[in-house]
Chemist: 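Structure below; questions to follow.
Proteins get letters first, then strands, A, B, ... in listed order; numbering begins at 1 in each.
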Amino acid sequence: MLKIENLNVFYGGIHALRGISLEVPDRKIISLIGANGAGKSTTLKAIMGLVPKSEGKVAFDEKDITSAQTKDIVGSGIVLCPEGRRVFPDLTIAENLTLGAYLRKDKEQIKKDKQWVYELFPRLLEREWQLAGTLSGGEQQMLAVGRAIMSKPKLLMLDEPSLGLAPLVVKDIFSIIRQINDAGVNILLIEQNAKAALEIADHAYVMETGSITLSGTGKELLASDLVKKAYLGE
Amino acid sequence: MSKQNLLRVSDATMQFGGVVALNNLNLELNKGEIIGLIGPNGAGKTTAFNVITGVYSPTNGEITFDGEVIASNFPHGKMKALYAGQNAGKYTKSVVPTPDKITKKGIARTFQNIRLFKDLTVFENVLIAKHLNIKSNVFAATFMLNRKEEQQMREETMELLKILDLETHKDDIASSLPYGKQRHLEIARALATKPKLLLLDEPAAGMNPQESDELKNFVARIRDDFNLSILTIEHHMQFVMGICDRIYVLDYGTLIAEGIPSEIQNNPKVIEAYLGVDE
Amino acid sequence: MTATAFFSYCLAGMSIGSIYALIAIGYTMVYGILRLINFAHGDIFMMAAYFMIFAMVDHQIPWYFSMVIMIVSTVLLGVVIEKLAYKPLRNAPRMSIMISAIGVSYLLQNLATYLFSALPKQYPSIPVLNKTIALGGVSTSLVTFITPIITILFVVLLMLLIKYTKMGMAMRAVSKDFEAAQLMGIKINSVISFTFVIGCFLAAVGSMLYFTPRPSVFPLAGSLPGLKCFIAAVFGGIGSIPGAVVGGFIIGFSETFIKAAGYSEFSDVFTFVLLIVVLMFRPTGLFGENLAEKV
Amino acid sequence: MTKKSKTICTIIALLVLAGMIVSVNEFTSQSSMLRTVLQLGSIYALAAVSMNLLNGFTGLFSLGQAGFMAIGAYTYAVFTIPVNSKPIVYYLYGVSDLLANVELPSWVGLILAGLMAALLAAVIGAPVLRLKSDYFAIATLGFSEIVRILVASSPFNTITNGSLGLKLIPGYHSYYTPFIIVFICIVIIALLIKSSYGRAFKAIREDEIAAEAMGINLARHKQLSFIISSFFAGISGALLAMYLGAVTSTTFPIMLTYNILLIVVIGGIGSITGSIISAFLITAAKEWWLRFLDQTMIIAGIHVPFLRTGFRMVVFSVILMVVVLFWRRGIMGQKEFSWDGIYRFFTRKSRKGGAVHE
Amino acid sequence: GCGSKDGGDNAAKGPAGVTISGDVIKIGVFEPTTGENGGGGMQEVLGARYANQMMPTVDINGTTYKLQLEEVDNQSDKSAAVTAAQSLISKGVAAVIGSYGSGVAIAAGSTFASAGVPAVGCSCTNPQVTLGNDFYFRACFLDPFQGTVMASYATDAGYKTAAVISQNGDDYSTGLAGYFKKSFGELGGTIVADETYQTNESDFNAILTKVKSANPDCIFIPSSINTATLILPQIAANGIKAQVLAGDTWENAAIISKDAVGVAFSTFFDENDESNPVAAEFVKGFKDYLNSDPKNIALNANTDTVAAVSALGYDSYTSIYEALKSLDGKEGDLTSVAIRDALTKVSFDGVTGHISFDENGDAIKDTAYIKTVDQESLTSKEFKFIKTQTVKK
Ligand SMILES: Nc1ncnc2c1ncn2[C@@H]1O[C@H](COP(=O)(O)OP(=O)(O)OP(=O)(O)O)[C@@H](O)[C@H]1O
Ligand SMILES: Nc1ncnc2c1ncn2[C@@H]1O[C@H](COP(=O)(O)OP(=O)(O)OP(=O)(O)O)[C@@H](O)[C@H]1O
Ligand SMILES: [Mg+2]
Ligand SMILES: [Mg+2]
């Protein structure tokens with residue numbers, strides 16, 4: 001499905017990604033974990049064409065999208081739920097969700113999906129007409145995830161979806177991710193909550209200062225001493 | 001140690017149009033304590049911070065800090081008809097401070113969404129927070145007649161950076177720091193104002209368990225080193241339970257529980273509204 | 001003041017007010033999306049007049065075809081300006097874009113001076129609009145009545161567009177966050193171009209309605225109306241379409257009546273004072289979005 | 001580079017600069033355009049730096065510069081026009097009794113000009129500074145237009161001479177006067193920016209909410225920045241009046257504000273040295289280097305195409321846009337000129353190729 | 001040093017001025033060719049260019065000097081004017097022609113004075129141009145005269161009430177309006193409305209409604225040509241029947257339209273005035289000059305009508321030429337200051353009448369030409385001469 005080879009990214013003089021290669025096979029959940037500043041978000045941004053890649057190749061569905069524009073990448077079926085929520089503050093919750101389905105044409109199904117999002121996050125339904133800018137941090141996070149769900153992509157990339165959510169909701173989030181995956185959407189997940197992320201993942205990668213240092217199935221990594229020590233805080 | 005009250009929030013209600021974000025909150029904090037404020041998303045935790053720090057003036061209620069009323073309000077004007085809370089007639093004073101006044105009185109905070117001075121260096125970020133105690137006027141400062149004071153501000157800043165392990169990043173631009181360091185810097189900046197009370201809004205958000213553990217120790221350390229009291233919002237339960245002396249739980253703007261961590265952890269109301277059951 | 005005089009003041013105020021409103025919408029639309037005060041808007045308006053002269057006077061094309069030519073070329077001009085002068089600056093600091101806008105404004109004025117000389121040119125007479133009608137002792141041309149009608153019509157259409165269509169929603173989304181909008185698959189460049197198309201279309205129509213009763217075109221002809229409309233847009237709250245319209249009318253009427261009261265010397269002073277006073281009480285204009293940043 | 005060697009470099013650079021100005025005075029003819037450009041450039045440099053203090057360092061987007069300059073210019077003119085010239089100047093409306101016998105030395109006039117502008121800034125600052133970004137910009141722009149219209153209005157005929165404007169305004173004592181004054185003023189602004197207050201201004205620019213949470217009194221500091229900026233704008237206005245010798249209200253149109261904003265942006269928003277460099281460059285380009293474009297030129301019997309009146313301004317506007325498009329952050333960005341910067345610039349150049357990655 | 005800028009005191013010390021070397025004498029043309037007055041300014045430039053074509057050289061004591069024009073655009077902008085003037089000085093001009101619009105002339109006056117270069121204004125009618133400036137001359141009459149002339153014309157025509165519309169911040173407009181009001185009052189008339197508008201204003205409906213309700217016999221509108229073309233149709237649209245009066249700036253073919261029929265304005269010159277042979281010859285030659293190149297026609301508002309300002313441009317050039325001719329060319333005599341001294345003594349028959357300068361440097365003139373637009377003008381694009389007007393004492 002998605003295949004990244006030898007990806008390099010610079011921010012000015014900072015070498016943020018140093019030859020990343022990873023793969024998201026069909027119908028799978030892939031997790032990406034790593035310390036702060038390891039370059040996880042940068043990897044996702046680079047895939048979306050939001051930061052310039054200095055070297056490397058990205059292919060999606062056998063098509064080369066290395067130098068495609070963001071809007072075309074979205075068009076081809078990859079959607080990113082970005083770090084820092086990025087909801088549209090002047091639009092209502094309902095409008096934000098509608099925009100999530102911007103590229104979709106199937107009106108009926110969109111309506112159903114919206115209903116589904118409201119079921120997942122009842123809080124959003126309560127505040128349907130509130131401007132997104134005035135929501136609390138966690139409510140915005142729910143909205144951002146909901147908006148990403150609305151786009152029904154082939155590949156959904158989530159950048160720390162559980163950030164700022166209450167424990168109860170965090171648990172939900174992971175079951176939601178499962179559900180989405182079961183509905184046929186591939187997932188590339190970044191999480192700080194390494195335990196949950198590894199439990200859910202079919203395959204996972206560990207990043208450190210711009211490179212991938214470890215990879216394996218979720219179970220393998222959960223069992224790894226290195227991961228245990230560095231990320232699970234055990 | 002005898003308990004000496006530092007902060008008291010009495011009957012604070014905050015209403016945005018029809019939304020009651022904070023409903024009759026009563027909260028107390030004693031000197032030297034670390035208090036946790038938890039609750040579901042949108043429960044009104046950040047709003048409580050905003051009311052305490054003067055970002056919002058409460059619709060009704062009163063805040064006392066160190067024995068002094070620092071903010072007080074009652075429903076009037078447009079709010080009078082709309083007001084949906086309780087204790088409407090209890091307060092009659094209107095004390096509306098600006099956030100800088102509150103900071104000067106000794107309450108400093110960090111933000112849920114990091115708000116650093118992005119284009120300035122780490123050093124400058126902290127140095128700016130020293131400005132509030134400046135004694136010399138603008139002329140003296142411009143014509144460098146306050147060299148001693150300036151020198152002292154810089155030295156104190158350096159010292160703070162050293163204590164907080166940010167010394168190596170001194171000349172880095174704030175926005176280029178990794179997320180975790182930015183959180184540290186925000187705390188450093190708040191400490192530079194020499195507060196008695198520090199408010200932390202989700203300090204561990206975006207950190208992995210390992211990092212959040214480190215942060216826990218860090219917060220405990222600064223409490224002792226700087227003789228602080230701390231009020232913190234956090235969704236990482238390990239962090240909250242591990243560090244807080246007492247915890248307040250909010251839901252829909254209302255206080256649903258209060259107590260020491262072990263009590264809270266087993267409080268059915270809290271479990272239902274917030275924690276959920278462990279599988 | 002006699003009733004007739006009062007009536008004619010009202011007509012004068014309405015005529016200028018509705019023009020201000022029409023052009024102010026263009027300002028507001030572009031501002032709403034790019035957060036850019038498009039200083040060149042008044043000059044695009046002026047260029048539209050030259051296009052009309054070019055078609056109708058220099059090439060003797062009938063007015064209805066000329067009108068189409070004029071509108072199309074104005075819209076093209078606007079889109080080209082956007083592509084050349086604003087698009088490369090998408091991620092630049094806001095002030096750079098503004099300077100680019102001032103640069104475009106300079107360029108258009110200077111170019112017009114260079115190409116058409118500083119001497120005024122006569123705006124062609126459009127028979128339909130120029131028909132004079134008498135109303136209770138006051139004679140006025142048809143355009144005075146057509147203008148407010150057209151203005152209101154456009155406003156309603158635009159509001160519907162922005163509120164209820166996907167394009168409108170996309171426009172509002174783009175205005176706050178380019179990157180997030182892109183992530184939704186919105187083609188921000190087409191959305192922005194579309195905004196300029198609408199803005200320039202309104203400027204073109206406005207130009208025709210404006211210059212018909214004031215048929216003299218010179219390179220600086222757009223600068224003062226440009227400024228006034230800009231103020232009108234601020235008055236109503238930049239970004240708000242009904243605001244722009246209300247602002248346009250308020251300025252048009254207040255100006256007219258201040259002059260009527262015999263203080264023509266201070267009419268602009270009054271307008272500005274009014275503006276500042278209104279902003280004192282409503283810091284984001286009459287209809288401005290009052291989004292206090294959530295902390 | 002060590003601190004000491006930097007100081008030495010700076011002193012040498014300043015001496016070279018001063019030497020250049022002196023040699024222009026000594027060795028070029030009285031009528032050389034270079035003199036004009038230097039003098040005018042220095043006035044614009046001060047106007048731009050004072051605007052930068054507000055727009056670039058405090059993040060308050062003000063468009064009132066021309067208004068404050070007008071106040072400075074008029075204050076200076078009103079108080080310094082020689083008593084025996086007054087009948088000529090006020091030939092139509094006569095001069096107000098209050099002013100008929102007032103003639104202050106020019107340095108007093110200059111300071112008064114600054115104070116007057118500052119005073120007005122203090123008065124309007126309180127209400128206007130509550131406005132946010134563009135609304136503040138428009139309010140200040142409106143203020144500047146109000147000033148411009150009022151100084152030309154009939155109630156002030158016997159003070160400002162209404163639409164007729166003031167002339168026979170005393171000029172510079174010597175060729176060096178404007179340079180010395182501008183230098184002093186800019187140094188003061190630079191010192192202010194380096195001080196704790198300057199840092200507080202920058203904090204406000206970066207994030208108002210965070211700045212306030214750090215105990216910075218927004219209202220007070222914005223007011224301070226506004227007043228100080230206006231003070232120097234007033235002085236630059238007075239210098240302009242001295243240079244022009246005659247002012248009317250139309251000397252200070254909105255266009256003047258735009259021009260100064262242009263200098264600020266081209267120089268780099270938030271860079272003092274940038275403003276100074278760009279003030280001289282833009283003045284020289286507009287008033288001097290490009291002037292030939294206005295003239296029809298015949299080279300070897302052929303009319304050079306395009307060259308005729310008005311072409312200069314066309315080219316000037318194109319150059320402006322090109323600069324903005326390709327130097328988005330202006331010549332200096334937000335940085336100041338620094339010897340380290342120069343040093344890095346050259347060392348990087350010389351190591352080109354090898355060390356791009358890492 | 002740069003010297004003090006106040007021209008008045010300079011006479012005592014006396015600036016050195018420009019010394020002519022070689023066999024080329026440069027004459028600056030200081031005119032607005034862009035901006036608000038760009039149109040009229042250009043017509044003055046045309047007059048000067050034509051004069052230069054007619055008198056390309058001057059003989060001074062046996063030596064032939066080439067006269068070369070240096071044109072500069074002052075953009076109708078007072079701050080740009082000073083640097084524009086500086087750029088002329090830096091090119092070493094020995095004398096200057098211009099400018100259209102008094103404001104720019106006043107602004108640049110001290111620059112010329114401190115450089116010791118004489119300037120001869122063409123149509124800058126404001127008294128302040130020459131007042132207190134020993135280096136400024138002018139070929140036209142002054143606003144006090146023109147204002148009085150129009151007031152006299154109005155009272156002669158039997159008008160009792162007048163409205164005045166002038167431009168805020170514009171010295172030409174305000175000054176002329178002021179003089180008109182003063183003498184109209186002295187002559188027994190009443191000002192019933194006194195309105196002002198802002199630069200670049202284009203909507204006059206409110207002002208005109210006001211004027212209409214005051215119901216004056218005549219409306220005096222001293223304004224730029226741009227304003228004229230805007231306000232006339234609006235006057236017609238408002239159904240105002242009062243006589244429209246204006247100043248010299250309106251003599252520009254650009255205003256001719258059906259709405260302008262009947263207006264009356266004063267000007268410096270009439271191209272059909274047979275009584276002046278110099279004028280007749282000039283008109284013929286200048287029309288040929290205009291027609292010789294379509295560009296010239298375009299710059300003259302697309303007609304070959306001779307504008308008074310062109311004639312003044314020509315006369316200004318001639319006065320400098322005459323002054324140069326009168327120099328005796330001895331060593332050290334060929335300076336701009338000497339040209340100034342010679343200018344104070346010139347006396348010749350110009351296109352716009354006899355020209356010699358009084359102690360202020362103003363041409364001594366006592367006659368204005370009143371012209372109008374009639375039906376015929378609409379096709380011929382020429383103004384119709386009504387009468388000459390002198391001032392009633
Ligand atoms: N816009 C930028 N300019 C300069 N450096 C940047 C920028 N964005 C990120 N970086 C740097 O690139 C590195 C990788 O950042 P990235 O955001 O990808 O980390 P991350 O793994 O997502 O961390 P986190 O868990 O904190 O989100 C960090 O060192 C960061 O400082
Ligand atoms: N300015 C405002 N206008 C309208 N509603 C608001 C505003 N600020 C907050 N609210 C509402 O008040 C409620 C409380 O918000 P607050 O930010 O305090 O939540 P929180 O407890 O901090 O939640 P989280 O854990 O998600 O950050 C939310 O439902 C939010 O939508
Ligand atoms: Mg990240
Ligand atoms: Mg919160």
Chemist: Ignoring hydrogens, what is the shortest heavy-atom contact between T103(B) and E212(D)? Give both atom names and the distance.
Modeler: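 Here T103(B) and E212(D) meet closest at OG1-O, 3.9 Å.
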Chemist: Is there a side-chain contact between L218(D) and T98(B), using heavy atoms and a 4.5 Å cut-off?
Modeler: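 L218(D) does not reach T98(B) side chain to side chain.
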Chemist: For each of I128(B), T193(B), V138(B), tally heavy-atom pairs with chain D at distances under 4.5 Å, and name the one with the top tally.
Modeler: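 Going by pairs under 4.5 Å, I would pick V138(B).
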Chemist: Hey, does E124(B) have a side-chain heavy atom less than 4.5 Å from the side chain of K202(D)?
Modeler: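 K202(D) vs E124(B): side chains touch.
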Chemist: For M116(D), is the CE atom crowded, meaning more than 12 foreign heavy atoms sit under 6.0 Å from it?
Modeler: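 Result for CE/M116(D): open.
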Chemist: Which one of A190(D), A200(D), G198(D), S196(D) has the most heavy-atom pairs closer than 4.5 Å to chain B?
Modeler: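 So the answer, after comparing A190(D), A200(D), G198(D), S196(D), is S196(D).
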Chemist: What part of K105(B) lies closer than 4.5 angstrom to a heavy atom of chain D: side chain, backbone, both or neither?
Modeler: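 For K105(B), neither part sits under 4.5 Å from chain D.
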Chemist: Does F183(D) have more than 12 heavy atoms from other residues, nucleotides or ligands lying within 6.0 Å of its CZ?
Modeler: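 Counting neighbours around CZ of F183(D), 12 or fewer heavy atoms of other residues, nucleotides or ligands fall under 6.0 Å, so no.
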Chemist: Where on S136(B) is there a heavy atom nearer than 4.5 Å to chain D: the side chain, the backbone, both, or neither?
Modeler: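 Just the backbone, heavy atoms under 4.5 Å.
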Chemist: Got more than 12 heavy atoms from elsewhere within 6.0 Å of CZ, F16(B)?
Modeler: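 Count over threshold, so yes.
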Chemist: Flag the pair D100(B) / N217(D) as yes when at least one side-chain heavy-atom distance between them is below 4.5 Å, and no otherwise.
Modeler: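 Side-chain contact under 4.5 Å: yes.
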Chemist: Should I188(D) and T142(B) count as side-chain neighbours, where that means a heavy-atom distance under 4.5 Å?
Modeler: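 A side-chain contact exists here, since the closest heavy-atom pair is under 4.5 Å.
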Chemist: Within the structure provided, determine whether S195(D) and M144(B) are in side-chain contact (heavy-atom separation under 4.5 Å).
Modeler: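 Sidechains of M144(B) and S195(D): no contact.
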Chemist: Is it the backbone or the side chain of R147(B) that comes under 4.5 Å from a heavy atom of chain D, or both, or neither?
Modeler: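 No part of R147(B) comes within 4.5 Å of chain D.
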Chemist: So, for A210(D) and F117(B), which heavy atoms are closest and what is the spacing to 0.1 Å?
Modeler: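 Closest approach of A210(D) to F117(B): CB-CE2, 3.9 Å.
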Chemist: Would a distance-only check, ignoring hydrogens and angles, find a side-chain to backbone donor-acceptor pair under 3.5 Å from E206(D) to D119(B)?
Modeler: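 A pair under 3.5 Å: yes.
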Chemist: Let me confirm one number: the CG-CD1 distance from D207(D) to I114(B), rounded to the nearest 0.5 Å.
Modeler: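 These two atoms lie 12.0 Å from each other.
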Chemist: Mind ranking A190(B), G54(B), P99(B) by heavy-atom pairs under 4.5 Å with chain D and telling me who comes out on top?
Modeler: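 Greatest number of close heavy-atom pairs with chain D: P99(B).
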Chemist: Using non-hydrogen atoms only, which part of L224(D) is less than 4.5 Å away from chain B: side chain, backbone, both, or neither?
Modeler: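 Looking at L224(D), just its side chain touches chain B.
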Chemist: Heavy-atom distances under 4.5 Å only: say whether I189(D) touches chain B with side chain, backbone, both or neither.
Modeler: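 Contact with chain B is absent: no heavy atom of I189(D) under 4.5 Å.
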Chemist: Could you check whether any side-chain heavy atom of Y197(D) comes within less than 4.5 Å of a side-chain heavy atom of H131(B), counting everything from C-beta outward?
Modeler: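 In contact.
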Chemist: Are side-chain heavy atoms of M214(D) and L132(B) found at a separation under 4.5 Å?
Modeler: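 No, side chains not in contact.
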Chemist: Counting only non-hydrogen atoms closer than 4.5 Å, does A129(B) touch chain D with its backbone (N, CA, C, O), its side chain (CB onward), both, or neither?
Modeler: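 Contact with chain D is through both the backbone and side chain of A129(B).
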Chemist: Check the pair E150(B), R199(D) against salt bridge (Lys or Arg N to Asp or Glu O under 4.0 Å), reporting the backbone distance first and the verdict last.
Modeler: CA-CA 12 Å; E150(B) 176 82 17; R199(D) 287 192 298 269; 2.9 Å; yes
Chemist: Is K104(B) close to I216(D) at the side-chain level, that is, under 4.5 Å between some pair of heavy atoms?
Modeler: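 Of all side-chain heavy-atom pairs linking K104(B) with I216(D), none is under 4.5 Å.
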Chemist: With a 4.5 angstrom heavy-atom cut-off, could you sort out which part of T53(B) is near chain D: side chain, backbone, both or neither?
Modeler: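 No part of T53(B) comes within 4.5 Å of chain D.
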